[in-house]
Structure formats: C-alpha cells, structure tokens
Enquirer: 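So that we are looking at the same thing, I have put the structure below in structure tokens.
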Amino acid sequence: MEAFSSKDMVLKAQKKMLSQMANKTTVQMFIDETSSEILDELYRVSKEYTGNRSEAQKVVKDLIKVVVKIAVLFKHNRFNDEELKMAQDFQKKLHQGAMTAISFNEVDFTFDKAVMSEILKESRDMLLKLVNTHLTAKSHGRINHVFNHYADPELLTELYNPSGPLKPHLTKICNGLNKLLEDGTL
C-alpha cells in the first residue's frame with residue numbers, strides 16, 4: 001500500500017506554487033528589505049556584466065526560488081539533525097563569504113578572485129548537499145546556475161575593479177551585507 005501524507009502534499013504544493021510566483025511580493029514574505037536590496041544590486045551586476053537583461057533576471061529569479069524553497073523546508077521542519085548541522089555550516093560559510101567580500105571591498109589591493117570564487121563554490125557544494133533529498137534536479141540546476149554565475153572569476157574581477165562600472169553596485173552590496181552582519185541576520 002502506498003503511503004499518503006497530506007503534509008507532504010501541502011509542502012509540494014507550496015514549493016511548486018512559490019516557484020511559479022517568484023516576484024517581489026512573494027520575496028518580501030521570506031526576505032527582508034536589506035536582502036531584497038542586495039538582490040536588486042546582484043541583478044544590476046549581472047545585467048551590466050552580461051549585457052543580457054533576461055539572463056540577469058533568470059539568475060536572480062533562480063536565486064529567489066531557491067531561497068524561498070529552503071525557507072519553506074525550514075518552516076515545515078523538513079531537515080533532520082545532520083542536515084541542520086549542515087545548514088549551520090553553510091550559514092558559517094556564507095558569513096565567511098560576506099566578511100571576505102566586505103574586506104576585499106574596503107581594503108584596496110587585497111582582492112583575490114581565486115579566494116572569492118572558491119568560497120562561492122564551497123557554498124554551492126554545501127547547499128547542494130543540504131537540499132540533496134529535498135529538492136528536485138531542476139532546483140539543483142538553479143543552485144548551480146546561481147553560484148557558478150557569481151563565482152565566475154571574470155565577473156568577480158570586473159566587480160572588484162576599483163575604477164570599473166560595477167564598483168558602485170559592489171559598494172551597495174557590501175553595505176547591505178554589513179547591515180545583515182550587524183543585525184545578526186547573516
């Protein structure tokens with residue numbers, strides 16, 4: 001006999017519905033104002049770097065979908081103790097990444113694309129391991145798409161170029177990250 005769980009059906013429906021509605025209103029249910037501003041700046045960075053508005057929208061939309069789905073999983077207590085430990089490790093890696101990004105921005109001539117790229121790739125791998133049994137292959141593809149895009153050494157080099165066109169966006173991203181760190185959100 002096949003096991004049926006209405007709780008599992010509700011969770012699947014929520015994830016499916018939320019992935020269809022990855023817009024600003026939905027995002028605000030799960031993401032605070034500062035994080036939303038960072039997402040806007042990440043969109044601008046992607047748009048200016050790629051010169052492709054639809055690709056920039058796709059990267060940020062994929063990021064939003066992943067964040068919302070993970071929030072739903074947490075809300076429904078879907079992670080076991082081992083996965084919660086992985087989530088804590090992932091959060092520490094994000095914290096390290098934020099601190100590194102801010103430091104590279106604030107201290108001239110310290111930027112190292114290999115270091116930043118590696119932190120992002122390690123974060124990607126940790127997140128994929130965390131959601132391995134909870135999200136579909138399509139969601140795993142979204143995670144890869146987002147992290148591979150922002151871990152691109154060429155993009156990072158352009159982003160941290162002190163006289164480059166992306167520098168104002170980096171400053172706003174780092175200001176937002178600083179605020180999240182001060183608030184204890186990140």
Enquirer: Ignoring hydrogens, what is the shortest heavy-atom contact between Thr157 and Lys113? Give both atom names and the distance.
Expert: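 Heavy-atom minimum between the residues: OG1-CD, 3.3 Å.
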Enquirer: Between Arg44 and Glu41 (salt bridge meaning N to carboxylate O under 4.0 Å), is one present in this structure?
Expert: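 A salt bridge links Arg44 with Glu41.
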Enquirer: Nearest 0.5 angstrom please: Leu159 CG to Leu166 CG, how far?
Expert: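 So the gap between those two atoms works out to 6.0 Å.
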Enquirer: With a cut-off of 6.0 Å (strictly less than), are more than 12 heavy atoms of other residues, nucleotides or ligands near NZ of Lys47?
Expert: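 Not buried by this count: 12 neighbours or fewer within 6.0 Å.
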Enquirer: Taking Thr185 for its side chain and Leu181 for its backbone only, find out whether a donor-acceptor pair lies under 3.5 Å.
Expert: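 Pair absent, no side-chain N/O of Thr185 close to backbone of Leu181.
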Enquirer: Is a side-chain donor or acceptor of Tyr160 paired with a backbone partner of Thr110 at a separation under 3.5 angstrom?
Expert: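 Side chain of Tyr160 to backbone of Thr110: no pair is present.
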Enquirer: Could you tell me whether the side chain of Glu48 reaches within less than 4.5 Å of the side chain of Glu158, counting heavy atoms only?
Expert: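 The answer is no; the side chains never approach within 4.5 Å.
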Enquirer: Please walk me through it: do Met86 and Lys129 pass side chain to side chain contact (heavy atoms under 4.5 Å, CB included)?
Expert: CA-CA 8 Å; Met86 280 190 264; Lys129 188 175 177 185; 3.6 Å; yes
Enquirer: Could you give the distance from CD1 (Ile64) to OH (Tyr43), rounded to the nearest 0.5 Å?
Expert: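 So the CD1 of Ile64 and the OH of Tyr43 are separated by 11.5 Å.
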Enquirer: Show me the side-chain donor-acceptor pairs of residues 148-155 shorter than 3.5 Å, one per line, residues at least two apart or across chains.
Expert:
{"unit_1": "Asn148", "atom_1": "OD1", "unit_2": "Arg124", "atom_2": "NH1", "d": "2.5"}
{"unit_1": "Asn148", "atom_1": "ND2", "unit_2": "Asn144", "atom_2": "O", "d": "3.1"}
{"unit_1": "His149", "atom_1": "NE2", "unit_2": "Ser46", "atom_2": "OG", "d": "2.8"}
{"unit_1": "Tyr150", "atom_1": "OH", "unit_2": "Leu42", "atom_2": "O", "d": "3.1"}
{"unit_1": "Tyr150", "atom_1": "OH", "unit_2": "Ser46", "atom_2": "OG", "d": "2.8"}
{"unit_1": "Asp152", "atom_1": "OD1", "unit_2": "Glu154", "atom_2": "N", "d": "3.0"}
{"unit_1": "Asp152", "atom_1": "OD2", "unit_2": "Tyr49", "atom_2": "OH", "d": "3.3"}

Enquirer: If you measure from CG on Leu177 to OG on Ser35, what distance do you get to the nearest 0.5 Å?
Expert: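 Those atoms lie 8.5 Å apart.
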Enquirer: Drop me the distance from Phe147's CZ to Asp62's CG, to the nearest 0.5 angstrom.
Expert: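 Between Phe147 CZ and Asp62 CG, I get 12.0 Å after rounding to 0.5 Å.
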Enquirer: Going from CG on Asp125 to CG on Leu120, what distance comes out if it is rounded to the nearest 0.5 angstrom?
Expert: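 With rounding to 0.5 Å, CG (Asp125) is 11.0 Å from CG (Leu120).
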Enquirer: When rounded to the nearest 0.5 angstrom, what distance separates CG in Asn105 from CD1 in Ile173?
Expert: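 That separation rounds to 9.5 Å.
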Enquirer: Contact between Arg142 and Leu63 at the side-chain level, heavy atoms closer than 4.5 Å - yes or no?
Expert: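 Heavy-atom side-chain distance check fails, nothing below 4.5 Å.
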Enquirer: Just checking Glu106: does its CD atom have more than 12 heavy atoms from other residues, nucleotides or ligands closer to it than 6.0 angstrom?
Expert: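 Buried by this count: over 12 neighbours within 6.0 Å.
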Enquirer: A side-chain contact here means heavy atoms from C-beta on lying under 4.5 Å apart; do Leu127 and Val66 qualify?
Expert: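 Answer yes - side chains close enough.
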Enquirer: Check the orientation of Phe111 and Phe104. Use parallel for under 30°, tilted for 30 to 60°, and perpendicular for over 60°.
Expert: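 Perpendicular.
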Enquirer: Under the side chain to side chain contact (heavy atoms under 4.5 Å, CB included) criterion, do Ile38 and Leu180 qualify, and how do the steps go?
Expert: CA-CA 10 Å; Ile38 292 171; Leu180 292 177; 3.6 Å; yes
Enquirer: Restricting to non-hydrogen atoms, name the atom on Phe90 and the atom on Ser123 that form the minimum distance, rounded to 0.1 Å.
Expert: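 Heavy-atom minimum between the residues: CE1-O, 3.3 Å.
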Enquirer: In terms of heavy-atom contacts, does CG of Asn80 have more than 12 from other residues, nucleotides or ligands at under 6.0 Å?
Expert: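 More than 12 heavy atoms, drawn from other residues, nucleotides or ligands, come within 6.0 Å of this atom.
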Enquirer: Side chains of Asn52 and Ser54: donor-acceptor distance under 3.5 Å anywhere?
Expert: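 Short answer, yes.
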Enquirer: I want to check something: taking the side chain as every heavy atom from C-beta on, are Asn161 and Lys167 in contact at a cut-off of under 4.5 Å?
Expert: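 A side-chain contact under 4.5 Å is absent here.
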Enquirer: Charged N to carboxylate O below 4.0 Å: is that the case for Lys85 and Asp89?
Expert: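 Salt bridge present between Lys85 and Asp89.
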Enquirer: Please check if any side-chain donor atom of Lys65 sits under 3.5 Å from a side-chain acceptor atom of Ser139, or the reverse.
Expert: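 Not at all, the side chains of Lys65 and Ser139 share no donor-acceptor pair under 3.5 Å.
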Enquirer: With sequence neighbours left out, what residues match Asp183 under salt bridge (charged side-chain N to carboxylate O under 4.0 Å, His left out)?
Expert: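 Salt bridge (charged side-chain N to carboxylate O under 4.0 Å, His left out) list for Asp183, sorted by chain: Lys179.
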Enquirer: Heavy atoms only: give me the nearest Gly97-Ile119 pair and the separation to one decimal.
Expert: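 Of all heavy-atom pairs spanning Gly97 and Ile119, the closest is CA-CG2, 3.6 Å.
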Enquirer: Apply side chain to side chain contact (heavy atoms under 4.5 Å, CB included) to residues Asn175 and Ile102 and explain how you reach the verdict.
Expert: CA-CA 8 Å; Asn175 289 342; Ile102 292 165; over 6 Å; no
Enquirer: Ignoring hydrogens, what is the shortest heavy-atom contact between Thr34 and Gly176? Give both atom names and the distance.
Expert: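 Heavy atoms only, the tightest pair is CG2-O, 3.4 Å.
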Enquirer: Looking only at heavy atoms, what is the nearest atom pair of Pro168 and Pro165, with distance?
Expert: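 Smallest heavy-atom distance, with atoms named: CD-O, 3.4 Å.
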Enquirer: Measure across His134 and Arg78 and return the closest heavy-atom pair with its distance rounded to 0.1 Å.
Expert: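 Minimum heavy-atom contact is CE1-O, 3.0 Å.
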Enquirer: So, are Lys93 and Glu122 salt-bridged, with charged N and O less than 4.0 Å apart?
Expert: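 Yes, Lys93 and Glu122 are salt-bridged.
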Enquirer: What do the steps show when you test Leu84 against Phe74 for side chain to side chain contact (heavy atoms under 4.5 Å, CB included), and what is the final call?
Expert: CA-CA 9 Å; Leu84 289 172; Phe74 267 108; 3.7 Å; yes
